[in-house]
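Here the structure is laid out as structure tokens; the discussion comes afterwards.
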Amino acid sequence: MPKRISHWIDGKPWAGVSERTGEVFDPAAGVVAGRVDFAAQSEVDEAVAAAARAFPAWRDTSLAGRSKVLFAFRELLNEHKDELAAIITAEHGKVLDDAGGEVQRALENVEFACGVPALLKGGFSENASTRVDVYSMRQPLGVVGVISPFNFPAMVPLWFVPNAIACGNTVVLKPSEKDPSAANFVAELWARAGLPDGVLNVLHGDKVAVDGLLTHPTVRGISFVGSTPIARYVYETGTSNGKRVQALGGAKNHMVVLPDADLDLAADAAVSAGFGSAGERCMAVSVVVAVDPVGDELVDKIKSRMANLHVGDGRRPGCEMGPLVTGAHRDRVTSYVDAGVAAGATLVVDGRGHEIDGSDAGFWLGPTLFDHVEPPMSVYTDEIFGPVLSVVRSGSYESAVSLVNDNPYGNGVALFTNDGGAARRFQNEIEVGMVGVNVPIPVPVGYYSFGGWKSSLFGDTHAYGPDGLHFFTRTKVVTSRWLDPSHGGVNLGFPRND
Ligand code: NAD
């Protein structure tokens, strides 16, 4: 019997039954492993009401009280990281070690939020005017919504939830319907850490649940991560309903290899960042830009490394790359392989024939490499989100930079070189939010913030770290006079500071 996955509202599993449900797969076995409830508007209202009820007491909980819960959650998450990784692998398909890496990076975001008493300090100016003091404070927004994608079912929710909660907000999390169980496990850990009922609620579902949050008058802010068309829609709908919105979108990440680069290092990086998590990462490298004359040698080195990749069920020892998340997604990615061949790109490695260490019914596609890809081809223009790596040949540093800057996405980019001057010039000129120099997946550490440019992010605030605190708080500035409150009588002039 497939298991049923339902909402977590007001500190406990939801008692009702949704009218609509969706299938959750075990992608390595290719079978339906569960059914997830799809919230109706009434269920959205219930979750938001629970968060609204919890808000007044949580916002008034001292910083010491809030950070105590965060520290306790950090310990529980660390203690249960292997269990959480197994839940991720079962529904997403990424190999266990990769799922463990996701949880480890999530821990960084929790650890950052544990420092909330120091991080939320405001400013104070004594005697800004004579015997007048001015000070600022940061206050929570209220109920906020977090809407997350399938590819990091634990880490992306934990980019937002710890900061939102640390700042005194209450949260309704709408995780991806494709791998919903990780969010429920995490919510239980929060409850065990002492988080009061209603401060974090998990609402499962599809567009109905998302639209319910985007238009709900009680919801004050929305943090979204997903594909660019939905990110744009969420940003436009949320802001037109008066909400603060940050909406992180899709990506097409380039890795530029200059002629002086260490080509073995670059080939290792291209394979790791291109095929890790089967390419289902928003920071995956999907285009290698080989600057003349390194193309032939680099393609040979990438090809030889791909032959040894162990693809299979992520629960089996030694597997390096798992299946794609659903059969429909695998078919969509495979259609890009067909389209690349039809458009005239050189298919160097055809992943459709790769040996698989797993069930025949799984949603497999092996690592695939195209060379001589041209910018108009769909393998170049579209975010494929699968194990398909394209090599574009470039005549010069300048044309490589133009290619990256002309691309509508601007999430991550990497440069491989041994020339510090070239690297400095690149980081200055490139129109991308996160840059790696000899580092292929430059995901910023938890005390910086994560965000792309152009069509990879709508809104002006990046995720987690200092930007996260900014997003989840409103600033209030107080001007006060206590000593000598006498004044010179009625004065209709604009107040001057002297
Ligand atoms: P998606 O856009 O299909 O779904 C994201 C969320 O939006 C899910 O919770 C989903 O239920 C909801 N959703 C889907 N269709 C909707 C609709 N029509 N109306 C309202 N809500 C809808 O994305 P996905 O396939 O789950 O995730 C992969 C995408 O996420 C890729 O494009 C990837 O690049 C992107 N991503 C970006 C980042 C980043 O930081 N920029 C991080 C991770 C993933």
Side-chain angles (χ1 to χ4, degrees), residues 20 22 24 27 36-39 44 91-94 102 105-106 109 145-160 172-180 182-183 202-215 222-238 241 245-253 277-286 324-326 328-330 332-333 382-386 407-413 432-434 441-444 449-459 461-465 467-468:
R20 294 182 311 125
V24 178
V36 60
D37 279 358
F38 277 7
V44 178
E91 292 181 356
H92 177 286
K94 64 175 77 172
E102 160 172 2
R105 292 306 295 259
N109 303 114
V146 173
I147 302 161
S148 54
F150 82 82
N151 66 321
F152 285 107
M155 184 185 77
V156 168
L158 290 172
W159 279 359
F160 303 105
V172 178
L173 165 65
K174 207 303 280 173
S176 169
E177 64 277 33
K178 295 194 178 96
D179 43 15
V202 180
L203 185 75
H204 293 289
D206 58 357
K207 181 173 168 55
V208 174
V210 172
D211 286 347
L213 291 172
L214 292 177
T215 55
I222 296 282
S223 296
F224 171 89
V225 180
S227 58
T228 287
I230 311 297
R232 184 181 282 115
Y233 167 77
V234 164
Y235 185 76
E236 290 174 358
T237 311
N241 279 277
V245 182
Q246 52 178 181
L248 284 74
K252 193 80 187 174
N253 304 312
S277 197
E280 292 172 325
R281 291 184 185 138
C282 65
M283 291 291 270
V285 165
S286 62
L324 289 153
V325 69
T326 59
H329 186 54
R330 188 267 321 274
R332 181 179 171 275
V333 174
D382 295 6
E383 182 186 33
I384 300 173
F385 223 56
N407 194 282
Y409 296 105
N411 213 41
V413 70
V432 173
M434 293 172 283
I441 308 182
V443 176
S449 298
F450 181 110
W453 286 14
K454 301 186 279 188
S455 294
S456 295
L457 187 144
F458 301 90
T461 313
H462 288 196
Y464 68 74
D467 272 24

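In listed order, ligands and their atoms are each counted from 1. Residue numbers start at 1 and run along the sequence shown. These figures come from a predicted structure and were not determined experimentally. Hydrogens, waters and symmetry mates play no part in the numbers below; they use all other heavy atoms, side chains included.
Taken from CG in Leu248 to OG in Ser227, the straight-line distance is 12.0 Å, to the nearest 0.5 Å. With rounding to the nearest 0.5 angstrom, the CG atom of Leu214 is 11.5 Å from the CD atom of Glu236. Atoms CZ and OG1, from Phe458 and Thr228 in turn, are 5.5 Å apart once rounded to the nearest 0.5 Å. Atom CD of residue Glu102 and atom NE2 of residue His92 lie 7.5 Å apart, to the nearest 0.5 angstrom. Annotation: the span from Arg281 atom CZ to Asn253 atom CG amounts to 11.5 Å, rounded to 0.5 Å. Atom CD1 of Ile147 and atom OG of Ser223 lie 9.0 Å apart (nearest 0.5 Å).
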- Task: List the steps and the verdict of side chain to side chain contact (heavy atoms under 4.5 Å, CB included) for Val333 and Phe385.
- Result: CA-CA 7 Å; Val333 174; Phe385 223 56; 5.7 Å; no
- Start with the C-alpha gap between Arg232 and Ser455, add the side-chain angles, then the distance that decides, and say whether side chain to side chain contact (heavy atoms under 4.5 Å, CB included) holds. CA-CA 8 Å; Arg232 184 181 282 115; Ser455 294; 3.9 Å; yes
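The contact set between ligand 1 and Trp159, taken as ligand atoms under 4.0 Å from a residue heavy atom, comprises 40 (O). Below 4.0 Å from some heavy atom of Glu177 lie the following atoms of ligand 1, by number and element: 10 (C), 11 (O). Residue Val210 approaches ligand 1 through these ligand atoms, each under 4.0 Å from one of its heavy atoms: 20 (C), 21 (N). Contact atoms of ligand 1 toward Asn151: 43 (C), 44 (C) (distance under 4.0 Å to a heavy atom of the residue). Every atom of ligand 1 is numbered from 1 in the order shown, and the set under 4.0 Å from a heavy atom of Gly250 is 32 (O), 34 (O). Of all atoms in ligand 1, numbered sequentially from 1 with element shown, those under 4.0 Å from a heavy atom of Phe450 are 39 (C), 40 (O). Each of the following atoms of ligand 1 lies closer than 4.0 Å to a heavy atom of Val225: 5 (C), 36 (N), 37 (C), 38 (C), 39 (C), 40 (O), 42 (C), 43 (C), 44 (C).
Checking Phe152, Tyr464, Phe224 one by one against Trp159, the ring-ring contact (aromatic ring centres under 6.0 Å, His included) holds for a single residue, Tyr464.
Side chains of Met283 and Met434 form a contact here, defined as non-hydrogen atoms less than 4.5 Å apart.
Of the protein's non-hydrogen atoms, Gly226 O, 3.1 Å is the one closest to atom 35 (C) of ligand 1. Protein heavy atom nearest atom 24 (P) of ligand 1, with residue, atom name and distance: Phe150 CD2, 3.6 Å. Counting protein heavy atoms only, atom 7 (O) of ligand 1 is closest to Phe224 CE1, 3.3 Å. Atom 19 (N) of ligand 1 has its closest protein heavy atom at Lys207 CG, 3.4 Å. Counting protein heavy atoms only, atom 18 (N) of ligand 1 is closest to Ile230 CD1, 3.5 Å.
Looking at Met434, Glu383, His462 and measuring to atom 32 (O) of ligand 1, the nearest heavy atom belongs to Glu383. Scanning Cys282, Ser227, Ser456 for the heavy atom closest to atom 39 (C) of ligand 1 points to Cys282. Distances from atom 8 (C) of ligand 1 to the heavy atoms of Pro149, Pro229, Ser148 show the closest one on Ser148.
Taking the charged nitrogens against the carboxylate oxygens, Arg20 and Asp37 have no contact shorter than 4.0 Å, which rules out a salt bridge.
Put simply, the side chain of Glu383 never gets that close to the backbone of Gly250: no donor and acceptor are under 3.5 Å apart.
Using a 4.0 Å cut-off between heavy atoms, Phe385 contacts ligand 1 through its side chain alone, with no backbone atom that close. Of the heavy atoms in Asn411, only side-chain atoms (C-beta onward) come closer than 4.0 Å to ligand 1.
In terms of N/O distances under 3.5 Å, ligand 1 is approached by Gly249.
Distance check on atom 21 (N) of ligand 1: some protein heavy atom falls below the 4.0 Å cut-off.
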